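Predicted model only: the values in this text are computed from it and were never measured.
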Amino acid sequence: MTLLFNVQGATFILMLTAKQFTVALVAGLAIWFGTTYANTIWHDLTMPGKTEEPAPEASPNTIQVALLLDTSSSMDGLIEQAKSQLWKILNELNRMRKDQQIPTLEVALYEYGNTGHMTGRFEINQLSGFTTDMDLISEKLFSLKTNGGDEYCGAVIQASLDELQWLRNDGMRVIYIAGNEPFTQGPTQFSAACANAVEKGVVVNTIHCGDCEEGVRGSWQAGAIAGKGEYFCINQNQETVYIQTPYDDEINGLNAQLNDTYIPMGRRGKEKKMNQSLQDSNAAKYSKSNASERAAFKSSSNYKAEEWDLVDAYKKDKKVVQNKEDLPENMKNLSVEEMEQQIQAITALRDAVQQKMQQLNVQRRQFIEQARSKQPDASSGLENAILQSVRKQAAVKGFEMEKL
């Protein structure tokens, strides 16, 4: 066999037998594959995000909830339930206690099955990673729109496991995935994704929107079994029922006073302050009762605003008053001592308002429970599925529900 090579204008002739050519070809391919494989390994080890880092330690009182919602064309009712029931769900989670301590709540939100505005693979979109900013979660829920798409349940579960910062130790970690198409669709097997969740200590609960038997045939029950969670079937189009109470008006009035105690820092603070009012309005669109549910949550320690509110930021780090660039104009000319006096006075006012709201909310909850005892709630919606399962799964982790 004769081979011609041209290197920088010079021509070389190489005479090889067929056997010699085969040996040379195999050797060359081996060198090429070996180099490529080594480069691939080096790329994976050195690229940002590829290195496996240990998960951070969790407070034993941390509850992490990831909501994975199908936003394909038929899921308008599911989104409506998520928006209208958010504050009731958060208040119930806020009633959990471990070692008599209030838990820290972190919520993450994904949508899947929507071709309208997906930014990720497989029509999966992370709307929020784990956050304690529940105004942000409400904002993202109210931004959701439905559109046709492919619902890849295994893929979105795996995405949430890969992308979210799941904590370790004795905290509670749960996924709720809701949708209506077969659980088996997509490139990722749900059994593998659920097994990965169990390995991380994450419980996977499945919520089929539609007929229970159809959900079983579509492997939604199998997904819950694989994820060591519970299977639910709900009527996603059922409207949320609210029980009005004699305490709603006063709680909502106190909420307006509470808002006045938030002092925004910088441009981000102004945006967050506006969003606080916007989410108040969004909650009130449903009923006075839902508005007071949100207000009740805002009176708790799990309503956190240290990233944008001077009062909460000062509680976390008193040095915040030294950075005058982010302070409101009417406080920039004050001395540190004068600012601290104002912050302490506002803190005292906020504490008093929140305490009054909490007292009223106890009476409100008692009124609602008495009303339900006379006419038991037959709800089969999103709220019922989450609250039923979270109480059982929290008990396994040593949490118990606060009594009235």
Only counting residues at least two apart or in another chain, list the ones meeting side chain to side chain donor-acceptor pair (under 3.5 Å) with Glu151. Ser72
side-chain hydrogen bond (donor to acceptor under 3.5 Å, both in side chains), paired with Ser292, selected from Arg364, Gln244, Glu250: Arg364
Take Arg95 and Arg365 through the side-chain contact (heavy atoms from CB on, under 4.5 Å) test and state the conclusion after the steps. CA-CA 12 Å; Arg95 290 179 58 198; Arg365 281 165 44 198; 3.0 Å; yes
Students often mix this up, so state it plainly: with edges at 30° and 60°, are the rings of Tyr152 and Phe122 parallel, tilted or perpendicular? perpendicular
Ring-plane angle category for Tyr242 and Tyr286, please: parallel below 30°, perpendicular beyond 60°, tilted otherwise. tilted
Can you confirm whether the side chains of Gln158 and Asn196 place a donor and an acceptor under 3.5 Å from each other? yes
Check whether any side-chain N or O of Ser138 sits under 3.5 Å from a backbone N or O of Asp135 as a donor-acceptor pair, and report yes or no. no
Determine whether a donor-acceptor pair (N or O, by modelled atom type, separation under 3.5 Å) exists between the side chain of Gln85 and the backbone of Glu80. no
Measuring only between side-chain heavy atoms, which start at C-beta, is Val390 closer than 4.5 Å to Leu93? yes
Would you check if there is a donor-acceptor pair between the side chains of Ser300 and Asn94 at a distance under 3.5 Å? yes
Under a 4.5 Å cut-off applied to non-hydrogen side-chain atoms, are Ile102 and Met96 in contact? no
Parallel, tilted or perpendicular: rings of Phe367 and Tyr247 (30°, 60°): perpendicular
